[in-house]
Amino acid sequence: MVEIQLKKGEKFAVLTAYDATTAHFLEEAGIELILVGDSLANCVLGYTDTKSISLEEMLHHTRAVARGAANTPIIGDMPINTYTNPSLAVINAKKFLGTGAHGVKIEGAKIEVVEALHEKGIEVMGHIGLTPQTAEQYKVQGKESGDAERLKDEASALEKAGCFSLVLECIPSSLAKEITESVKIPTIGIGAGKYCDGQVLVLSDVLGLTNGKNPKFAKQYADLGNEIKNAVKSFRDEVKGGKFPSEEFSYR
Ligand code: KIV
């Protein structure tokens with residue numbers, strides 16, 4: 001039985017995954033929790049933002065991730081409009097659990113929704129700060145007067161409502177530190193500096209599988225986009241030049 005074991009005060013690493021193959025590699029590398037983020041929309045499915053993805057698409061990919069990483073906790077990101085009220089949220093969160101996920105993530109301070117999910121024994125990861133499902137602009141949050149207080153209140157309310165962890169996206173490090181110190185649940189930063197308990201990044205940013213430039217906070221650890229391009233070019237050149245398949249790759 002896989003258990004979610006993120007510990008307050010201990011550093012841990014979370015990454016997104018969207019398919020069985022990469023989920024398997026993440027598990028082999030020792031990632032503590034896999035998030036099937038709705039960033040699936042723009043990172044893999046070719047949508048322009050996360051607002052366009054359907055519940056069915058999210059469930060399909062969460063099932064694949066669960067097949068690839070059977071021993072790692074998996075959280076499914078509930079897409080926009082699938083948790084607009086507590087009863088709808090419970091119905092749809094159960095669909096995620098049916099895919100093999102161990103819990104769900106929702107964006108914003110949806111306190112009644114979290115309470116309803118928690119009451120049904122469903123693990124909920126909260127997500128505040130920059131919340132792409134509703135954001136009008138991608139910019140650092142919590143800098144304008146009143147915003148930092150609001151975010152602190154939201155963190156506290158989400159903890160009380162039953163979240164087991166809280167993603168803090170794109171907020172100043174000092175505010176993330178205050179929030180991390182003020183709640184008992186682990187915080188997971190993305191563009192929120194070093195004081196969060198854990199860190200999450202989008203796998204496509206980490207591996208260099210994006211078309212554009214990474215956001216400032218997203219460190220790129222590999223250049224797979226160019227690796228893919230170079231491998232494909234080599235294959236194409238060898239086929240066109242009659243070099244592939246050689247004897248080595250042929251049957252007698
Ligand atoms: O969809 C996603 O990948 C996310 C992370 C950025 C936290 O929500």
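Only heavy atoms go into these numbers, but all of them, side chains included; no hydrogens, no water, no symmetry mates. Along the sequence shown, residues carry numbers from 1. In listed order, ligands and their atoms are each counted from 1.
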Legend entry - Minimal non-hydrogen separation, M78 against A89, with atom names: CE-O, 3.6 Å
Inset, instruction - Looking only at non-hydrogen atoms, find the nearest pair between I185 and C163 and report the distance. - result: CG2-O, 3.3 Å
Inset, instruction - Please lay out, stage by stage, how L55 and K95 fare under the test side-chain contact (heavy atoms from CB on, under 4.5 Å). - result: CA-CA 9 Å; L55 179 63; K95 293 184 184 167; 4.0 Å; yes
Inset, instruction - Inspect the surroundings of OH in Y138 and state if more than 12 heavy atoms from other residues, nucleotides or ligands are less than 6.0 Å away. - result: yes
Inset, instruction - Report the relative orientation of the aromatic rings in F244 and F249; use parallel for angles under 30°, tilted for 30 to 60°, perpendicular for over 60°. - result: tilted
Identify all N/O pairs between ligand 1 and the protein with a separation under 3.5 Å and present them as a table of atom names and distances.
from     : atom 1 : to   : atom 2 : distance (Å)
ligand 1 : 1 (O)  : D38  : N      : 3.1
ligand 1 : 1 (O)  : D38  : OD1    : 3.0
ligand 1 : 1 (O)  : S39  : N      : 3.0
ligand 1 : 1 (O)  : S39  : OG     : 3.3
ligand 1 : 1 (O)  : D77  : OD2    : 3.2
ligand 1 : 3 (O)  : S39  : OG     : 2.5
ligand 1 : 8 (O)  : K105 : NZ     : 3.0

Inset, instruction - Report the residue from D38, T50, D77 that forms a side chain to side chain donor-acceptor pair (under 3.5 Å) with Q133. - result: D38
